[in-house]
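Take a look at the structure below.
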Number of protein chains: 2
Amino acid sequence: MRRDAPQGTQPDAGPPPFEVEVATSISAEQLLRQYGCRATKPRIAVLDALIAHDGPIDAIALTDLAQADEPSIHEATVYRTIGVLSELGIVNHVHAGHGPSLVRLSDNSDLVAVCQDCGAIVDLPGKAIRRLISDMQRATGFILEPGHFALEGVCANCTTS
Amino acid sequence: MRRDAPQGTQPDAGPPPFEVEVATSISAEQLLRQYGCRATKPRIAVLDALIAHDGPIDAIALTDLAQADEPSIHEATVYRTIGVLSELGIVNHVHAGHGPSLVRLSDNSDLVAVCQDCGAIVDLPGKAIRRLISDMQRATGFILEPGHFALEGVCANCTTS
DNA sequence: CGTCTATTGCGAGCTGGTCGCAAGTAGTCT
DNA sequence: AGACTACTTGCGACCAGCTCGCAATAGACG
């Protein structure tokens with residue numbers, strides 16, 4: 001559902017920025033409106049927290065952050081908001097190993113990797129991955145969707161120690 | 001998948017083979033003993049089922065299969081057995097998107113990919129991945145451990161349809 | 001300002017997986 | 001073969017992460 005595109009909807013005055021990556025310069029509220037969905041206080045709080053955090057974060061931590069703004073916000077609401085934002089393409093969620101899945105702004109197109117030793121979350125540059133994707137498609141027809149899964153391994157710190 | 005077994009290992013007289021990849025030609029029981037762990041009926045049933053299945057499988061389905069041999073086997077036992085086999089390096093488990101994690105014999109070193117549309121589990125050839133791993137290590141110091149995570153995307157079937 | 005519907009808060013519930021414990025059994029020693 | 005001991009099992013309770021149903025609330029729009 002909700003297939004209306006962001007662009008082409010001049011909300012009010014806003015010379016609509018072309019990308020979410022300017023998110024930090026646009027208010028969460030404007031962003032929501034721009035996507036044609038209700039700008040409720042809980043949603044604004046969640047999106048604000050997500051923008052402020054800048055990086056993958058799990059739903060519980062995000063709830064905590066959002067509660068700083070909007071104390072009554074419920075965990076279930078955060079999950080639902082993530083679902084909405086995800087459908088709109090504003091955020092995506094990443095499955096990382098055992099733990100909870102992580103959420104991040106979609107403009108961050110790097111791949112997420114989780115260190116099995118220390119649990120650190122590392123962003124890996126997307127270049128090599130793009131090559132992997134095209135190789136893979138050529139070889140198998142399978143089109144990888146990075147950004148929906150996390151890689152696992154051992155980070156540089158833990159390797160040396 | 002299809003990492004077919006090297007045939008031709010004497011079943012019982014067993015001069016211990018060096019690798020798990022001969023799994024299909026050696027009994028699960030022998031394999032367990034070889035690794036110095038107790039060959040109990042539940043464990044044998046689980047490992048047998050895993051060998052027979054040949055491919056990634058989730059714990060519940062594995063429990064079903066194992067129960068064909070050993071009806072009283074409990075789900076918790078299957079999880080524990082997976083844990084033991086995993087520590088021994090006989091199997092590894094793969095985290096696939098939302099659903100349950102999958103188990104497979106370790107000799108199957110290909111990467112697992114899950115189709116987001118149809119849920120199909122596809123094995124991707126390891127060649128391109130090995131290149132990704134070395135690229136990644138050079139670039140970031142992060143050593144990827146494939147086989148512990150699944151990639152996600154859209155399979156060839158769903159792309160065309 | 002009033003209406004109408006999307007959204008929220010809340011608690012119950014579901015799934016995947018783990019844990020503690022008493023009973024059972026594999027492996028070892030005699 | 002029989003006894004012993006420690007590892008395993010089955011079982012149920014429990015936990016985390018997440019979803020759902022529903023009544024109450026509150027945005028958006030006229």
Side-chain angles (χ1 to χ4, degrees), chain A residues 1-2 4 9 11-12 27-47 56-64 66-67 69-88 91 93-103 114 119 150, chain B residues 27-47 56-64 66-67 69-88 91 93-103 114 119 150:
Chain A
M1 50 174 100
R2 198 62 347 111
D4 40 314
T9 8
D12 32 10
S27 77
E29 182 172 350
Q30 282 179 297
L31 191 55
L32 286 167
R33 273 188 227 288
Q34 199 174 311
Y35 275 84
C37 85
R38 283 196 185 178
T40 65
K41 279 184 276 183
R43 282 181 184 173
I44 294 169
V46 167
L47 190 47
I57 185 175
D58 67 85
I60 305 300
L62 185 56
T63 304
D64 284 346
Q67 280 174 341
D69 262 342
E70 195 55 29
S72 73
I73 195 172
H74 194 275
E75 191 187 300
T77 301
V78 173
Y79 279 108
R80 281 189 281 227
T81 302
I82 291 170
V84 171
L85 297 179
S86 181
E87 265 179 27
L88 293 176
V91 308
H93 62 288
V94 180
H95 302 287
H98 288 275
S101 57
L102 306 170
V103 194
V114 181
Chain B
S27 76
E29 183 173 349
Q30 281 179 299
L31 191 55
L32 288 168
R33 274 188 227 289
Q34 199 174 308
Y35 274 84
C37 87
R38 285 198 183 178
T40 66
K41 279 185 275 182
R43 282 181 183 172
I44 293 169
V46 168
L47 189 47
I57 184 175
D58 67 85
I60 305 300
L62 185 55
T63 303
D64 283 347
Q67 280 174 340
D69 262 343
E70 195 56 28
S72 72
I73 195 171
H74 195 275
E75 192 187 299
T77 301
V78 174
Y79 279 110
R80 281 190 281 227
T81 301
I82 291 171
V84 170
L85 297 178
S86 181
E87 264 179 27
L88 293 176
V91 308
H93 62 287
V94 180
H95 301 287
H98 289 276
S101 58
L102 306 170
V103 194
V114 181

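Chain identifiers are assigned alphabetically (A, B, ...) following the order of the sequence lines, protein sequences preceding nucleic acid strands; residue numbering begins at 1 within each chain. Any value given below was found using the heavy atoms of this structure, including those in side chains, with hydrogens, waters and symmetry copies removed.
To the nearest angstrom, P of dA28(D) lies 13 Å from CD of Gln30(A). In this structure, NE2 of His95(B) is placed 14 Å from C1' of dG17(D), rounded to the nearest angstrom. One interatomic measurement links the two molecules: CZ of Arg80(A) to P of dG21(D), which rounds to 11 Å at whole-angstrom precision. Atoms OH (Tyr79(A)) and P (dC18(D)) sit 4 Å apart, rounded to a whole Å. One atom, CZ of Arg43(A), and another, P of dG9(C), lie 11 Å apart when rounded to the nearest Å. Atom-to-atom, CZ of Arg38(A) to P of dG27(D) comes out at 9 Å; the value is rounded to the nearest Å. Atom CG of Leu47(A) is separated from atom C1' of dT7(C) by 16 Å (rounded to the nearest Å). Taking atom NE2 of residue His98(A) and atom C1' of nucleotide dG17(C), one finds them 10 Å apart after rounding to whole Å.
Taking the six-membered ring where tryptophan is involved, the planes of His98(B) and His93(A) are tilted, since the angle between them lies from 30° to 60°.
Out of dT8(D), dC18(D), dG11(C), the shortest distance to the side chain of Glu75(A) is found at dC18(D). Listed nucleotides dC18(D), dG10(D), dC10(C) differ in distance to Ala76(A); the shortest reach to its side chain belongs to dC10(C).
Only one option out of Thr81(A), Val84(A), Ile44(A), Val46(A) pairs with Leu32(A) in a side-chain contact (heavy atoms from CB on, under 4.5 Å); it is Ile44(A).
Between Thr77(A) and dG9(C) there is a side-chain polar atom (N or O) within less than 4.0 angstrom of OP1 or OP2. Neither OP1 nor OP2 of dA26(C) sits under 4.0 Å from any side-chain N or O of Thr40(B). In this structure, Ser101(B) reaches the dG17(C) phosphate: one of its side-chain N or O atoms is under 4.0 Å from OP1 or OP2.
Within the 4.5 Å cutoff, side-chain heavy atoms of Arg38(A) are placed close to those of Arg43(A). Looking at heavy atoms from C-beta onward, Leu88(B) lies in side-chain contact with Cys37(B) at the 4.5 angstrom threshold. The closest side-chain heavy-atom distance from Pro42(B) to Thr77(B) is below 4.5 Å.
Nearest-nucleotide mapping onto DNA chain C: of Pro100(B) and Glu29(B), the residue sitting toward the 5' end is Pro100(B). A residue-by-residue look at Ile60(A) and Ile73(B) shows that Ile73(B) has its nearest nucleotide of DNA chain D further toward the 5' end.
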